[in-house]
Amino acid sequence: MSTERRAPLDRRRVADTALKLLNEVGLDGLTLRAIAKELDVKAPALYWHFKDKQALLDEMATEMMRRMSADMTAETTAPDRDWREAFFAMMCGLRAHLLRYRDGAKVYAGTHFTDLSYAEPMEAGLSMLTRAGFTPAGAARAWFTAYSYTIGYVIEEQAMGPDPASADEGYDLDARAERLARHPLAAQAGHEMFRDHTRGFEAGLSAVIEGIGATLRSGPATG
């Protein structure tokens, strides 16, 4: 009889297991029953910690934030660094972390954090912006705008593929162009929008940040 003791079942262990399983089955295939099987427990044991799948997703998103918090905060610490460069690096770091998980951005979007792990990188980012001359209100709107762009971009990026877990090669742009033959600009746009996601993300993020600098540095418009 084995005397090996398993680690106690707690919220973080369940969330860690769920994130590992996510890369195998994707968000649609992630169920409490599948996670319980991976942990070698009965499914009802998980309900002591999570009332439903949404509660588990909240903890998974929080665990993702715990893992990225230090990296995001570090981008703002150099006192002489231009705010645009630091803000750009923070959002690129957020994207990189989300891409570590299959459907990572979908898991992350719209969830409610279960602790204050998000507060440190957010405070660091807002402090960086206010030091650069943004009002607190302008900094808040700037942060949320770039943050929302990043999460939304990654949701689309991961939805379009390629998906290494399913061997899906991603969006067939040649077939798309053929369907849109009567709309040549729309057909051509697919190659810009759906290939080289990193270049596309960075080009869009640069535009967002330049717009933020031009419109929000003195505070968001009112009225």
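Because the structure is a prediction, the values reported are computed rather than measured. Just the heavy atoms: all of them, side chains too, but no hydrogens, waters or symmetry mates, feed the values below.
- Nearest heavy-atom pair, Thr76 versus Met90, reported as atom, atom and distance to 0.1 Å: CG2-SD, 3.3 Å.
- Heavy-atom minimum distance, Asn23 versus Arg102: OD1-N, 2.7 Å.
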Would Asp10 and His49 count as a side chain to side chain donor-acceptor pair (under 3.5 Å) if you check the C-alpha gap in whole Å, the side-chain angles of each, and the deciding distance to 0.1 Å? CA-CA 7 Å; Asp10 58 23; His49 303 282; over 6 Å; no
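- By the criterion of side-chain heavy atoms lying less than 4.5 angstrom apart, applied directly or through intervening Ile, Leu, Val, Met, Phe, Trp or Tyr residues, Val41 is grouped together with Leu56 in one hydrophobic cluster.
- For the pair Ala139 and Thr130, the tightest heavy-atom approach, listed with the atom from each and the gap, is CB-CG2, 4.0 Å.
- Between Ile35 and Ala18, the shortest heavy-atom contact is CD1-CB, 3.7 Å.
- Within the 4.5 Å cutoff, no side-chain heavy atoms of Arg176 are placed close to those of His191.
- Taking the six-membered ring where tryptophan is involved, the planes of Tyr149 and Phe201 are essentially parallel, since the angle between them stays under 30° and well short of 60°.
- Residues Met160 and Leu180 do not share a hydrophobic cluster, clusters being chains of Ile/Leu/Val/Met/Phe/Trp/Tyr side chains in contact below 4.5 Å.
- Checked by atom type and distance alone, the side chain of Arg141 never pairs as donor or acceptor with a backbone atom of Pro136 at under 3.5 Å.
- Note on Leu9 and Tyr47: same hydrophobic cluster, where clusters join Ile, Leu, Val, Met, Phe, Trp and Tyr whose side-chain heavy atoms are under 4.5 Å apart, directly or indirectly.
- Using modelled atom types and a 3.5 Å distance limit, the side chains of Thr198 and Arg95 yield a donor-acceptor pair.
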For residues 106-119, run the donor-acceptor check on the side chains, cut-off 3.5 Å, and write out each pair with its distance to 0.1 Å, sequence neighbours left out.
{"unit_1": "Tyr108", "atom_1": "OH", "unit_2": "Tyr147", "atom_2": "OH", "d": "2.8"}
{"unit_1": "Thr111", "atom_1": "OG1", "unit_2": "Tyr108", "atom_2": "O", "d": "2.8"}
{"unit_1": "Thr114", "atom_1": "OG1", "unit_2": "Glu59", "atom_2": "OE1", "d": "2.7"}
{"unit_1": "Thr114", "atom_1": "OG1", "unit_2": "Thr62", "atom_2": "OG1", "d": "3.3"}
{"unit_1": "Asp115", "atom_1": "OD1", "unit_2": "Ser117", "atom_2": "N", "d": "2.9"}
{"unit_1": "Asp115", "atom_1": "OD1", "unit_2": "Ser117", "atom_2": "OG", "d": "2.7"}
{"unit_1": "Asp115", "atom_1": "OD2", "unit_2": "Arg66", "atom_2": "NE", "d": "2.9"}
{"unit_1": "Asp115", "atom_1": "OD2", "unit_2": "Arg66", "atom_2": "NH2", "d": "3.0"}

